[in-house]
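What follows is a set of notes on a single structure, which appears directly below.
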Amino acid sequence: MTLSDTVIRLLEEVYIAKNFSYAEEHLPENYICHCFEGTKNKAEAIALAKRYLKKHNIKKFYLTVENSDEETITLNVLLECAEKEKFLGITFGEHTAHHRHLKTFKVKDGIITESLDEFSEFEYEE
C-alpha cells in the first residue's frame, strides 16, 4: 500500500463512512495530530473528528497531492458538505458548503503516526 493509499483509506473510513473504529484500530497509541485546535493525541483527535462530522455532513471529498516523499504526504482536501440552515433552532433549508484543508501526514511502515493541518478555508454555495 502506498502513502496516499494509506491516508486516503483513513479519510474515506472516517469522513465518509464515519467508521471511527477504523481510526481506533489503524492509528497507533502515540499518534499526534497538530490541528487548528492545538496538538491532540489519538483519543482527542478522534473525538475532534466526531464533533466535526456532527456539525458538517460530508457528501464527497476531493484530494490533490501537493507534495510527497518517503515518509510524508501533503494533501489539499476539499470537503463538500450539505449543511442545514437553522434559525432559532428550526431547520428551514440546506445549502452546500466547501471546506478546504491542507493536511500533511507522516507515515512510517504503513502506519500514520502524525498529522498537521496547515490551513482551512470555507466556501458557501446556494
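Only heavy atoms go into these numbers, but all of them, side chains included; no hydrogens, no water, no symmetry mates. Sequential numbering from 1 along the given sequence is applied to the chain's residues.
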Exercise for the section: Flag yes if Ile8 and Tyr52 sit in one hydrophobic cluster, no otherwise; membership is Ile, Leu, Val, Met, Phe, Trp, Tyr, and two members link when side-chain heavy atoms are under 4.5 Å apart. Expected result: yes
Completion exercise
Of all heavy-atom pairs linking Leu53 and Val14, the shortest is CD1-O, 3.2 Å
Problem - Closest non-hydrogen atom pair, Tyr15 against Ile58 - result: CD2-CD1, 3.7 Å
Exercise for the section: Indicate yes or no: at least one non-hydrogen side-chain atom of Ile112 is less than 4.5 angstrom from one of His26. Expected result: no
Problem - Within 6.0 Å of NZ in Lys108, more than 12 heavy atoms from elsewhere - result: no
Problem - 4.5 Å side-chain heavy-atom contact, Lys103 and Val7 - result: no
Problem - Side chain proximity check, Asn67 to Thr104, heavy atoms < 4.5 angstrom - result: no
Handout entry: Thr113 side chain reached by Asn30 side chain, heavy atoms, under 4.5 Å
Key = no
Exercise for the section: Mind listing the closest non-hydrogen atom pair of Asp69 and Leu3 along with its distance? Expected result: O-CD2, 3.3 Å
Fill in the blank from the handout: Closest non-hydrogen contact found for Leu48 with Cys35 is CD2-SG, 3.4 Å
Practice task
Using the rule that two of Ile, Leu, Val, Met, Phe, Trp, Tyr join whenever any of their side-chain heavy atoms come within less than 4.5 Å, decide whether Val107 and Ile46 are in one cluster.
Solution key: yes
Practice task
Please check if atom NZ in Lys40 has more than 12 non-hydrogen atoms from other residues, nucleotides or ligands closer than 6.0 Å.
Solution key: yes
Exercise for the section: Give the cluster check for Val65 versus Phe105: same hydrophobic cluster or not, with ILVMFWY residues linked at side-chain heavy-atom distances below 4.5 Å. Expected result: yes
Practice task
Answer yes if Leu116 and Val77 sit in the same cluster of Ile, Leu, Val, Met, Phe, Trp and Tyr residues linked by side chain heavy atoms under 4.5 Å apart, and no otherwise.
Solution key: no
Practice task
Kindly give the heavy-atom pair with the smallest separation between Ser21 and Asn19, and that separation in Å.
Solution key: OG-OD1, 2.6 Å
Exercise for the section: May I ask you to decide if Glu24's main-chain N or O and Lys42's side chain share a donor-acceptor pair within less than 3.5 Å? Expected result: yes
Fill in the blank from the handout: Correct closest heavy-atom pair for Phe61 and Ile16 would be CE2-CG1, 3.5 Å
Exercise for the section: Taking Glu44 for its side chain and Asn41 for its backbone only, find out whether a donor-acceptor pair lies under 3.5 Å. Expected result: yes
